[in-house]
Amino acid sequence: MKKQYVLLFLILANLFWAGNYVFGKYVVAEMTPLQMTFFRWLIAVFLLFPIAHWIERPNWKEVWKEWKILLVMSILGIIAYNYLLYEALRFTTSLNAALVNSINPAFIVLFSAILLKEKIPLKNGVGLIISLLGVLLVLTKGQLQQIFQLDYNQGDVFMLLAILVWTFYSIIGKKLKTIPPISATAASVLLALVILFPFMMVSGFNPPLSQQAVLGILYIGIFPSVGSFIFWNVSLRHMGASRAGIYLNLIAVFTAILSLVLGKSITFVQIIGGILVFIGVYLTSQKEKNRENPVRKKGKR
């Protein structure tokens, strides 16, 4: 796959995830995190399987032979991460949640280096620092000293657990190369729904929901759940987990943009922070040039 398509997929994945933060904050006021997680994926599963069958034409028997690793991905990426995210939004502000989430790329870089032996070239490391600085500028409105003054609460702890879960999900997703990515996502979602169903039955769900909540859960069930997961998993097949993880910093930038569209103001500091994030993403996306061994090159035909 061409590099520009991989980069586009990563950008779109994070744009849709930013919407998950924005709309999720409203929906969690009317639904529990468990209910949000279940209905989100219930909507998504009806789209994922037809899309997977149409685009990838998988051998479903071969897909289900990998049920063990799919089950692990289901528990981590489909259930745990989303539940912890929505639980965090019940207790913490969007600022705190996004700030903690910005640590995610660093987690992925660290654990990818440890578990996958991925090297971190100097340029990529500089890009990571620049993009993280941009995110912090956006979130603290230019007052970087506020990072050390924030009083972390229960929601912040949930977000820390969420990004740790997502780190391992991303690394495992990189390892799963025998199954087409959309098919793997669809199978993981189905397994997640089976696991969640008994808990959902005793959750005490009381409809009807407001129109705002219905539209919110529909958005979450289609764009972040289908679009983002497909784009993210496809990208991981063509890019290392540590380099792909830096794009998670774009969530904060897109969240600011969506807030502007919804009528909230955006400051000059947020614009500068967004520019720094894009510069950092560009630097991190650059591959290290390897000089080919002249002896081996001579022997090529």
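This chain uses plain numbering: 1 for the first residue, then up along the sequence. Hydrogens, waters and symmetry mates are skipped; everything else that's a heavy atom, side chains included, is used.
The ring-ring contact (aromatic ring centres under 6.0 Å, His included) with Trp232 is formed by just one residue from the set Phe9, Phe16, Trp17; it is Trp17. Test Val28, Val27, Leu34 against Met31 for side-chain contact (heavy atoms from CB on, under 4.5 Å) and you get one pass: Val27.
Under the 4.5 Å side-chain contact rule for hydrophobic residues, Trp67 and Ile182 share a cluster. Transitive grouping of hydrophobic side chains (ILVMFWY, heavy atoms separated by less than 4.5 Å) keeps Ile78 and Val194 in distinct clusters. No continuous path of hydrophobic side-chain contacts links Leu215 to Phe46 [ILVMFWY only; heavy atoms under 4.5 Å]. One hydrophobic cluster, built from ILVMFWY side chains closer than 4.5 Å, cannot hold both Val202 and Leu193; they sit in different ones. Tyr5 and Ile11 fall within a single hydrophobic cluster, where Ile, Leu, Val, Met, Phe, Trp and Tyr side chains are chained together by heavy-atom contacts under 4.5 Å.
Considering only heavy atoms from C-beta on, Asn20 comes within 4.5 Å of Leu85 through its side chain. A heavy-atom distance below 4.5 Å is not found between the side chains of Gln212 and Phe23. The closest side-chain heavy-atom distance from Trp64 to Leu191 is below 4.5 Å. In this structure the side chain of Leu160 reaches within 4.5 angstrom of the side chain of Ile163, judged on heavy atoms. Looking at Arg90 and Phe158, their side chains never come closer than 4.5 Å, going by heavy atoms from C-beta outward. Contact check for Arg57 versus Pro180: no side-chain heavy atoms found under the 4.5 Å cut-off. Asn82 places a side-chain heavy atom less than 4.5 Å from the side chain of Trp41. In this structure, Ile69 and Ile179 have side chains that are not in contact, with every pair of non-hydrogen atoms separated by 4.5 Å or more.
Residue Gln211 qualifies as open at atom CD: its count of foreign heavy atoms under 6.0 Å is 12 or below.
Side-chain atoms of Ser225 do not come within 3.5 Å of backbone N or O of Ala44 as any donor-acceptor pair. Between the side chain of Glu56 and the main chain of His53, no donor-acceptor pair closer than 3.5 Å is present. Ser74 places no side-chain N or O within 3.5 Å of a backbone atom of Leu70 that could act as its donor or acceptor partner.
Nearest heavy atom pair, residue Ala52 against residue Pro58, reads O-CD, 3.5 Å. Between Ala213 and Leu209 the shortest heavy-atom distance is CB-CB, 4.0 Å. When all heavy atoms of Pro224 and Tyr219 are compared, the pair lying nearest together is CD-O, 3.0 Å. The shortest non-hydrogen separation linking Val45 to Leu42 is CG1-O, 3.3 Å. In terms of heavy atoms, Tyr26 sits closest to Val22 at CD1-O, 3.2 Å.
Separating the CG atom in Leu8 from the CD atom in Gln4 is a distance of 9.5 Å, to the nearest 0.5 Å. Separation of atoms CG (Leu133) and CD1 (Ile279) is listed at 10.5 Å; rounding is to 0.5 Å. Atom CG of Leu15 and atom CZ of Phe223 lie 9.5 Å apart (nearest 0.5 Å). Within the model, atoms OH of Tyr81 and CG of Leu164 stand 12.0 Å from one another, a figure rounded to the nearest 0.5 Å. Separation of atoms CD1 (Ile43) and CZ (Phe38) is listed at 10.5 Å; rounding is to 0.5 Å. To the nearest 0.5 Å, atom CG of residue Leu48 and atom OG1 of residue Thr185 are 6.5 Å apart.
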Ile220/Met36 under side chain to side chain contact (heavy atoms under 4.5 Å, CB included): CA gap, chis, key distance, verdict: CA-CA 9 Å; Ile220 293 172; Met36 287 181 66; 4.2 Å; yes
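A donor-acceptor pair shorter than 3.5 Å can be found between the side chains of Arg40 and Tyr86.
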